[in-house]
Amino acid sequence: MNNYNLPSDRQIIEDKLRLLREHFPTFANKSADDLEDLLRYEDLFQAHIDGLEQVQLTRTLEYELRVENESLAEINLTAEPELKKMRDKVAELQAVAGSLTTRLYELVQEHVDMQKPYSPQTLIQRMHDEAKQLDDKSNAVLDEFRNRDDKIGMAECDDFVKQYKQLRKAHHSLDARHQLAAAAHKSGKLVGVPTMDR
């Protein structure tokens, strides 16, 4: 009787009509002739679809999104020259900052190098070396005095004793200061010049 192969079971038809009313309420209220006209005439079908609230809402949202995207694109395009200038300026400032950082490291290294001769380690070693030189010199003076073959007068003896006492006194004073400084440095009470780590 119909060309649409409708099911003969009334329950199936009722379920399909219920789904039609839920999902497509505008079609549910149409008569069979109206539905056949919609299927037959494409313009009528398109006009009916275009009149649906969901379709109109979707098209309105689509239009608003397109307008907003065009507006954002226009803003981005107008800002592009300014952004390029800013990027160039940032690149220039980064180059300057890089060269200044390099110069800072060089200056810090120069400062550290200048301080090295005055570091506790260097000064302690210098005291040790000077004390050793004084010890060697006093021993040389003693050996020279002992190995003299000629007669030694009282004045020469006094000169030797005076010179030898001065050398030994200077040696012991410097050696004592060296020992104290080395112990203080070893215990951490005497800090050194910082080294530069990169």
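Bear in mind the structure is a predicted one, so any value in this text is a computation, not a measurement.
- Legend: salt bridge (charged side-chain N to carboxylate O under 4.0 Å, His left out) pairs involving residues 129-142, not counting sequence neighbours, sorted by first then second residue: K132-D136, D135-R168.
- Applying the ring-ring contact (aromatic ring centres under 6.0 Å, His included) test to H128 and every residue at least two apart in sequence or in another chain returns H178.
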Practice item. With salt bridge (Lys or Arg N to Asp or Glu O under 4.0 Å) as the test, would you mind laying out the steps for R18 and E22 before giving the verdict? Key: CA-CA 6 Å; R18 184 180 49 78; E22 286 177 10; 3.2 Å; yes
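- Between the side chain of S173 and the backbone N or O of A170, no donor-acceptor pair lies under 3.5 Å.
- Remark: D33 CG to D37 CG distance equals 6.5 Å, nearest 0.5 Å.
- Here the closest heavy-atom approach between residue M127 and residue A181 is recorded as CE-CB, 3.6 Å.
- Side chains of L142 and F160 form a contact here, defined as non-hydrogen atoms less than 4.5 Å apart.
- Here the CD atom belonging to Q166 is positioned 12.0 Å from the OG atom belonging to S138, to the nearest 0.5 angstrom.
- Applying the side chain to side chain contact (heavy atoms under 4.5 Å, CB included) criterion to I75, with sequence neighbours excluded, gives S71.
- With rounding to the nearest 0.5 angstrom, the CG atom of D34 is 10.0 Å from the CD atom of E36.
- Comment: K162 does not engage D158 in a salt bridge, judged by the lack of any side-chain N to carboxylate O separation of less than 4.0 angstrom.
- Interatomic distance, CG of N139 versus OH of Y164, reported as 6.0 Å (0.5 Å rounding).
- At a threshold of 4.5 Å between non-hydrogen side-chain atoms, the residues P117 and R126 count as touching.
- In this structure, the separation between NZ on K85 and CG on D88 is 10.0 Å, given to the nearest 0.5 Å.
- P120 places a side-chain heavy atom less than 4.5 Å from the side chain of H185.
- Here the closest heavy-atom approach between residue V141 and residue L167 is recorded as CG2-CD1, 3.8 Å.
- V112 and L123 sit in two unconnected hydrophobic clusters of ILVMFWY residues. Membership requires side-chain heavy atoms under 4.5 Å apart, directly or through other members.
- Between D113 and K116, at least one side-chain nitrogen of the basic residue sits less than 4.0 Å from a carboxylate oxygen of the acidic one, meeting the salt-bridge criterion.
- The backbone N or O of Y118 sits nowhere less than 3.5 Å from a side-chain atom of T122 that would complete a donor-acceptor pair.
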Practice item. Assess whether side-chain contact (heavy atoms from CB on, under 4.5 Å) is satisfied between K84 and R87, documenting all intermediate values. Key: CA-CA 5 Å; K84 186 178 182 329; R87 267 191 237 106; 4.2 Å; yes
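- In this structure, CD in Q179 is found 10.5 Å from CG in L174, a value given to the nearest 0.5 Å.
- In the hydrophobic clustering of ILVMFWY residues, with side-chain heavy atoms under 4.5 Å counting as a link, L180 and L134 come out apart.
- Residue pairs satisfying the salt bridge (charged side-chain N to carboxylate O under 4.0 Å, His left out) criterion with at least one member in residues 169-184, sequence neighbours excluded, are absent.
- Taking the side chain as every heavy atom from C-beta outward, Q109 and E106 never approach each other to under 4.5 Å.
- For the salt bridge (charged side-chain N to carboxylate O under 4.0 Å, His left out) condition, the pairs that include at least one residue of residues 56-81, sequence neighbours left out, are D50-R59.
- In this view, R148 and D150, E156 satisfy the salt bridge (charged side-chain N to carboxylate O under 4.0 Å, His left out) rule, not counting sequence neighbours.
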